[in-house]
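Please read all numbers here as calculations on a predicted model, not as lab measurements. Each chain gets a letter, A, B and so on, in the order its sequence line appears, and its residues count up from 1.
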Number of protein chains: 2
Amino acid sequence: MRGPGERAGLTRSAVLGAAREVLAEAGLRGLTMRALARRLEVAPNALYSHVPDKDGLVDALLDEHLAPVTDPPTDSADPLAAVGAMMRSTYDRLLEAPDLVPLYFARRGARGEHARRLGATMDALFARAGVPAESIPGARGTLIVHALGSAAFATAGGDPAASRAAFTAGLGWLLTGIAAQR
Amino acid sequence: MRGPGERAGLTRSAVLGAAREVLAEAGLRGLTMRALARRLEVAPNALYSHVPDKDGLVDALLDEHLAPVTDPPTDSADPLAAVGAMMRSTYDRLLEAPDLVPLYFARRGARGEHARRLGATMDALFARAGVPAESIPGARGTLIVHALGSAAFATAGGDPAASRAAFTAGLGWLLTGIAAQR
DNA sequence: ACCTGAACACCGTTCAAGT
DNA sequence: ACCTGAACACCGTTCAAGT
């Protein structure tokens, strides 16, 4: 619906924003490059000026979704409790876009800016808690898997409150185990 | 390559077997109804006589993959240790078809015969261990998420032995936590 | 640099028809 | 009951061309 010679004025962040809307409205199956182009009223291949391909789009979506998860001060009095708070806020954030969650597994995690930031903060907190350096990657991975997996199955069946309670209980057990490893 | 009037003689289990081969050879993206039909040398729509649709095919694949996971005797001396053994053997089985693992999340778990059998065995073991009835679904869910999630990320980066060690450690912490709940 | 038209090589699924 | 031919309504991505 543009005049001749008029630019669409697409933007990478406009593309990502529209992708989030398509995902929310049409779900995982509805998130296609062509549906995204239709929503933006551009030709399908116009997207490739702003995103490398569909995997690149999804990876950006996954990482950007973690942006609102803030990291606690690394000098917190109880570092392991701070890790727990991070994981609870990650879990809550994941549930805000349930259709995105399985994609973390399909893409084997997020690897962008925010994922790195959160991972580095966790590592610093583990170190300050006295977790031996060689145990840190395993501990970090286990907690991430717990949050992602719990979020993936939370929307599956039944009661959200019960799902969150199970997540919180499991998180506590894992943190206790990690603490005991010192 | 059949003569006129000659039946292909397709079978549901032949379809599933070929699907496993396609998945192993061509990966998740390569597993398409049409690629499966090509391998079986039938028309694509011939598959729909043996499988309801692609989701039904995947669901069958997911559940059948758990068939070799045997359940321990429910009168085992240490019921929680028996649950631990079940989860370790599930984890190992999952790693035999890494491409299948993300599909458990996309399909939100397996819900067929074998998934039900393993779930019922876990519940019986938890009950025998003295876990309160209202805690059993959460405990079961948490352990399943841990096994599936650990398997999903095991093939992602690096050392399989380290991944398995992290899985085993996490499993122990979760079982300790579940035991403490009694 | 950014966008379009057109095309390529695919998908899952349905329908009518044949045996 | 089982299978095929043909079609429908899509995909992701590339390429050449226009501004």
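- Residue pairs meeting the salt bridge (charged side-chain N to carboxylate O under 4.0 Å, His left out) criterion with at least one partner in residues 19-29 of chain A, sequence neighbours excluded, are A:R20-A:E64, A:E21-A:R39, A:E25-A:R39, A:R29-B:D55.
- Annotation: salt bridge (charged side-chain N to carboxylate O under 4.0 Å, His left out) contacts involving residues 114-139 of chain B, sequence neighbours excluded, comprise B:D71-B:R117, B:D123-B:R140.
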Residues 174-182 of chain A side chain polar contacts: donor-acceptor under 3.5 Å, at least two apart:
{"unit_1": "A:T176", "atom_1": "OG1", "unit_2": "A:G172", "atom_2": "O", "d": "2.8"}
{"unit_1": "A:R182", "atom_1": "NE", "unit_2": "A:A179", "atom_2": "O", "d": "2.9"}
{"unit_1": "A:R182", "atom_1": "NH1", "unit_2": "A:A129", "atom_2": "O", "d": "2.9"}

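- Within the 4.0 Å cut-off from OP1 or OP2 of C:dC11, at least one side-chain nitrogen or oxygen of B:R38 is found.
- Across residues 53-60 of chain B, B:D53, B:K54 each have a non-hydrogen atom less than 4.0 Å from an atom of DNA chain C (numbered order).
- For residues 11-35 of chain B, proximity to DNA chain C is found at B:T32, B:M33, B:R34, defined as any non-hydrogen atom under 4.0 angstrom from a strand atom.
- Between the CG atom of B:L36 and the C1' atom of C:dT13 there is a distance of 15 Å, given to the nearest Å.
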Donor-acceptor pairs under 3.5 Å, side chain of residues 91-101 of chain A to any protein atom, not counting sequence neighbours: which ones?
{"unit_1": "A:D92", "atom_1": "OD1", "unit_2": "A:R164", "atom_2": "NE", "d": "3.0"}
{"unit_1": "A:D92", "atom_1": "OD1", "unit_2": "A:R164", "atom_2": "NH2", "d": "3.1"}
{"unit_1": "A:D92", "atom_1": "OD2", "unit_2": "A:R164", "atom_2": "NH2", "d": "2.8"}
{"unit_1": "A:R93", "atom_1": "NE", "unit_2": "A:H65", "atom_2": "O", "d": "2.7"}
{"unit_1": "A:R93", "atom_1": "NH1", "unit_2": "A:E96", "atom_2": "OE1", "d": "2.8"}
{"unit_1": "A:R93", "atom_1": "NH2", "unit_2": "A:H65", "atom_2": "ND1", "d": "3.2"}

Using residues 76-84 of chain A as the side-chain source, report each donor-acceptor pair under 3.5 Å to any protein atom, sequence neighbours left out, with the distance given to one decimal.
{"unit_1": "A:S76", "atom_1": "OG", "unit_2": "A:D78", "atom_2": "N", "d": "3.3"}
{"unit_1": "A:S76", "atom_1": "OG", "unit_2": "A:D78", "atom_2": "O", "d": "3.3"}
{"unit_1": "A:D78", "atom_1": "OD1", "unit_2": "A:L80", "atom_2": "N", "d": "3.4"}
{"unit_1": "A:D78", "atom_1": "OD1", "unit_2": "A:A81", "atom_2": "N", "d": "3.2"}

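- Rounded to whole Å, the separation between the P atoms of C:dA9 and D:dA9 comes to 23 Å.
- Note: CG (A:L10) to P (C:dA1) measures 17 Å, nearest angstrom.
- Minimum interatomic distance between B:H146 and B:G170 (heavy atoms only, all atoms of both residues): NE2-C, 3.6 Å.
- If you measure from atom OH of B:Y48 to atom C1' of D:dC8, you get 13 Å, rounded to the nearest angstrom.
- Among residues two or more places apart in sequence or in another chain, the side chain to side chain contact (heavy atoms under 4.5 Å, CB included) test is passed with A:S49 by none.
- Looking at the side chain of B:A46, the nearest of the listed nucleotides C:dT4, D:dT13, D:dC3 is D:dC3.
- Applying the side chain to side chain contact (heavy atoms under 4.5 Å, CB included) rule to A:A60 yields the partners A:R12, A:L16; only residues at least two apart in sequence or on another chain are considered.
- The distance between atom CD of B:E41 and atom C1' of D:dC3, rounded to the nearest whole Å, is 15 Å.
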Nucleotide-level pairing of DNA chain C, given in dot-bracket where Watson-Crick and G-U pairs need both distances under 3.5 Å and | marks other strands: ||.|||||...|||||.||
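- Look at B:H50 and you won't find any side-chain N or O under 4.0 angstrom from OP1 or OP2 of D:dA1.
- In terms of the side chain to side chain contact (heavy atoms under 4.5 Å, CB included) criterion, residue partners of B:A124 (sequence neighbours excluded) are, by chain and number, B:T74.
- By the 30° and 60° cut-offs, the orientation of the rings of A:F153 relative to B:F105 is perpendicular.
- Every side chain to side chain contact (heavy atoms under 4.5 Å, CB included) that A:T11 has, sequence neighbours left out, goes to A:S13, A:A14.
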